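The figures that follow rest on heavy atoms only: side chains count, while hydrogens, waters and symmetry mates do not. Predicted model, so just to flag it, every value in this text is computed and none were measured. Just so we're on the same page: letters track the sequence lines, and every chain starts at 1.
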2 protein chains.
Amino acid sequence: MRRPPERRVVLADVARLADTSEATASRALKHDPRIGEATRAAVHAAAAKLGYVPNAAARSLRAQRTHILGILLDDLADPVHAKVAAGFEEAAASQGFAVFIMTGLHDQAREQRALTAFVEHRADGIIVASCVSDPADVLDRVRADRVVFVQPDYPALADGAEPPARGVVRTDDSAGVAATVRHLAERGYRRLTYAGPSGWSSNAWRRAAATATVEELGLGPLRFVDVPVDAWRDPSGLALTLADDPPDAVLCYDDKLALGLLDALRSTSLVVPDDLAVVGFDGIPAARQSWPRLTTVEVPSVEVGRHAVEMLISSVRDGRMPASEVLPVSLVIGDSTPQRAPRTGGPDARATVATLPGAGS
Amino acid sequence: MRRPPERRVVLADVARLADTSEATASRALKHDPRIGEATRAAVHAAAAKLGYVPNAAARSLRAQRTHILGILLDDLADPVHAKVAAGFEEAAASQGFAVFIMTGLHDQAREQRALTAFVEHRADGIIVASCVSDPADVLDRVRADRVVFVQPDYPALADGAEPPARGVVRTDDSAGVAATVRHLAERGYRRLTYAGPSGWSSNAWRRAAATATVEELGLGPLRFVDVPVDAWRDPSGLALTLADDPPDAVLCYDDKLALGLLDALRSTSLVVPDDLAVVGFDGIPAARQSWPRLTTVEVPSVEVGRHAVEMLISSVRDGRMPASEVLPVSLVIGDSTPQRAPRTGGPDARATVATLPGAGS
DNA sequence: TTGTATGCGTTATCAA
DNA sequence: TTGATAACGCATACAA
């Protein structure tokens with residue numbers, strides 16, 4: 001069995017064995033058209049025989065181009081972020097880029113260290129996904145035509161700041177939430193509650209979209225329940241709050257929270273969906289396997305990662321960062337939001353007026 | 001707001017501004033003790049003012065050490081693999097290593113390309129996780145003291161080949177399966193079925209452990225159902241097979257399959273756990289939120305990633321690869337395997353003899 | 001078609 | 001305590 005070469009084998013070794021110069025060997029290996037067939041074959045044979053592998057550091061140093069992309073994301077253990085990373089890695093690899101992946105774990109200092117690492121390694125491009133750092137801080141350290149922001153979620157956005165017009169990939173969360181509210185209205189749900197972690201801009205957007213659509217449709221006022229960001233691990237508090245004065249349906253910030261809630265509600269007297277409809281957001285795999293199957297908004301996370309890479313590589317090639325993109329999402333209707341049965345006590349008019357704007361007031 | 005420097009700023013620029021030589025500037029920046037306080041301050045000030053970031057490629061070239069680790073894994077979108085990656089990344093970052101992550105996606109050619117990328121970039125160490133390539137092939141290209149294999153799953157292992165004695169991190173799947181079977185026996189389940197994708201060595205091990213434990217406990221013979229590797233996406237075939245002649249309990253290769261099965265069984269007349277108990281393997285988050293909650297074997301995936309990094313870094317430092325490790329797993333008892341009620345028709349002796357070896361024959 | 005020489009940015013060796 | 005210089009491995013401008 002062949003072993004890896006003991007001593008480092010460099011281009012000079014290949015050239016020597018092929019009986020040419022380093023320059024010729026270098027050109028032959030990258031199929032420069034003006035190298036004779038004979039020498040090219042000799043060089044390739046020598047390289048194969050010696051197990052030569054070019055040194056990327058030396059090449060990068062010389063070429064001022066690393067063919068490295070970096071992605072900074074929040075947490076690989078989170079299914080949504082992992083999918084973005086998967087799309088990113090796959091797209092980057094298919095274009096011949098190696099990828100650095102670093103996680104921020106909600107920690108600004110970590111995020112800064114990750115950026116430092118990317119810059120030290122002179123990554124050709126960087127993707128900043130779901131990070132708490134303000135893009136302005138990132139742009140202090142990296143050229144704007146070398147960064148793409150994915151699903152930015154920094155605090156200023158919650159206060160209404162606009163994300164950059166170029167180099168951002170987002171999903172149309174507002175449309176997803178609006179579609180969800182419409183779906184609920186059509187199915188006869190009127191008293192809605194939105195549950196999510198306040199302070200996150202992504203949450204603020206979703207909540208705002210829910211509010212707007214509820215008003216547009218003339219549904220009962222939207223109630224809010226603020227939950228801790230890790231409430232999905234133990235949603236019993238949310239379950240109790242809901243059980244105390246149950247709405248018709250609850251919109252959860254994401255699927256993790258919704259699935260946790262489904263579980264927690266089994267310890268209460270509320271039955272889903274008979275007493276309470278539940279919807280999630282993201283479309284993680286577990287949402288398809290839950291009971292009842294979760295109605296949710298499917299976010300094309302893998303696509304998000306791919307698009308980000310394509311924007312980035314395009315910008316790296318010609319220095320022009322493409323305009324920001326907003327990818328469409330889709331409502332997936334499960335069994336957690338069935339057509340609502342009329343309440344006991346006879347037919348209930350509320351269900352039928354739900355889609356008539358203004359009829360409720 | 002400060003912008004990133006337009007022209008590349010290199011050490012020479014810092015030296016010039018600080019009015020010293022490159023050598024002194026270099027030493028001052030890495031806090032060489034024999035540099036005067038005044039010059040050190042001047043150099044640091046100059047570096048800060050210019051926004052100097054050292055070039056890792058140049059440093060690596062010179063130092064013959066990259067501080068880069070590479071991990072090759074199967075699929076970032078898979079929760080188990082993503083967790084290994086998360087542990088890997090976190091541990092590596094905390095030790096000051098940048099990490100290349102590449103995915104194989106069950107494709108030998110992709111795996112080989114990933115290895116090539118790692119070698120070109122002269123990664124200080126490599127982790128090969130859950131890959132289809134034979135370790136022997138990997139060792140043709142990488143020094144043995146620079147690779148750690150995680151959960152190796154190459155075909156030869158299914159035929160009884162032993163994994164390497166050093167540089168491997170695995171989990172004690174056999175013990176986990178054995179504990180599961182014992183648990184089922186104690187709870188009164190006797191007729192067991194094992195469902196998994198044949199051809200995978202990890203499946204072969206789990207299945208063999210189940211067989212051995214079933215025999216040891218004197219339970220009825222273990223039945224097997226071979227399923228495609230992606231059966232979890234559509235487990236209706238498995239559900240029908242089980243419904244056709246239901247065992248007391250079914251052991252699934254992993255949680256994804258078990259959760260899919262729970263879902264698919266809702267379209268049959270079988271009720272879990274009354275008619276059929278179900279157990280999974282891995283302990284993914286969704287298993288805690290399913291209904292009924294899944295009894296499963298919890299695998300410390302994040303720990304696996306961490307241990308792999310620690311082994312690797314240790315070996316990189318002193319050239320001695322630590323001995324292989326087998327991490328313990330733990331049985332998590334959910335609601336999918338309750339104490340079994342006696343069958344209709346009166347008390348059933350089978351439940352009580354389950355734990356008595358030999359009593360069943 | 002091939003060879004020579006230089007420089008990419010950093011660090012380590014040697015000399016001052 | 002500091003400075004000049006060579007070398008890491010490769011690719012290219014220029015010469016032949």
Asks: Tell me: CZ of A:R59 to P of C:dG9, nearest whole Å?
Replies: 18 Å
Asks: Quick one: which of C:dT10, D:dT2, D:dC10 gets closest to the side chain of B:I35?
Replies: D:dT2
Asks: Where the side chain of A:Q64 is defined as all heavy atoms beyond and including C-beta, which of C:dT11, C:dG9, D:dG3 is the nearest nucleotide?
Replies: C:dG9
Asks: Can you name the one residue among A:E325, A:E90, A:E89 that meets salt bridge (charged side-chain N to carboxylate O under 4.0 Å, His left out) with A:R306?
Replies: A:E90
Asks: Counting the atoms with a prime plus P, OP1 and OP2 as sugar-phosphate, which does A:A63 contact under 4.0 Å by heavy atoms, base, sugar-phosphate, or nothing?
Replies: nothing
Asks: Is the side chain of B:R317 donor-acceptor paired with the backbone N or O of B:S314 at a distance under 3.5 Å, no angle test?
Replies: no
Asks: Need one value for B:S60: base, sugar-phosphate or nothing, where a base atom within 4.0 Å counts as base even if backbone is also close, heavy atoms only.
Replies: nothing
Asks: Measure distances between side-chain N and O atoms of B:R62 and base N and O atoms of C:dT11, and say whether any donor-acceptor pair falls under 3.5 Å.
Replies: yes
Asks: Provide, to the nearest angstrom, the distance between the CZ atom belonging to A:R27 and the P atom belonging to D:dT12.
Replies: 9 Å
Asks: Whole angstroms only, please: what is the CZ-P distance between B:R65 and D:dA7?
Replies: 22 Å
Asks: Considering just the side-chain nitrogens and oxygens of B:S26, establish if one lies under 4.0 Å of OP1 or OP2 belonging to C:dT11.
Replies: yes
Asks: Does the A:T66 side chain pair with the main chain of A:I68, one donor and one acceptor, at a distance under 3.5 Å?
Replies: yes
Asks: Among C:dG7, C:dT4, C:dT11, which is the nearest nucleotide to the side chain of B:K30?
Replies: C:dT11
Asks: Separation of B:R122 atom CZ from D:dC8 atom P, in whole Å?
Replies: 14 Å
Asks: Can you give me the closest heavy-atom contact between B:A117 and B:M102, atom names plus distance?
Replies: CB-SD, 3.9 Å
Asks: Provide, to the nearest angstrom, the distance between the CG atom belonging to A:L61 and the P atom belonging to C:dT11.
Replies: 12 Å
Asks: Does OP1 or OP2 of D:dA4 have a side-chain N or O of B:S21 closer than 4.0 Å?
Replies: no
Asks: Measure from the side chain of A:N55, starting at C-beta and using heavy atoms only, and say which of C:dG9, D:dG9, C:dA12 lies closest.
Replies: D:dG9
Asks: Start at the 5' end of DNA chain D and walk down; is the nucleotide closest to A:V53 or to B:T39 reached first?
Replies: B:T39
Asks: Name the closest nucleotide to the A:L11 side chain, picking from C:dC8, D:dC10, C:dT10.
Replies: D:dC10
Asks: Using whole Å, report how far CD of A:E37 lies from C1' of C:dT2.
Replies: 16 Å
Asks: Looking only at the side chain of A:R34 (C-beta and beyond, no hydrogens), which of the listed nucleotides C:dT1, C:dC8, D:dC10 gets closest?
Replies: C:dT1
Asks: Please report the distance, rounded to the nearest Å, between CD in B:E22 and P in D:dA7.
Replies: 16 Å
Asks: Would you kindly give the CG-to-C1' distance between A:D32 and C:dT2, to the nearest whole Å?
Replies: 11 Å
Asks: Side-chain contact, heavy-atom cut-off 4.5 Å: B:H307 with B:M311?
Replies: no
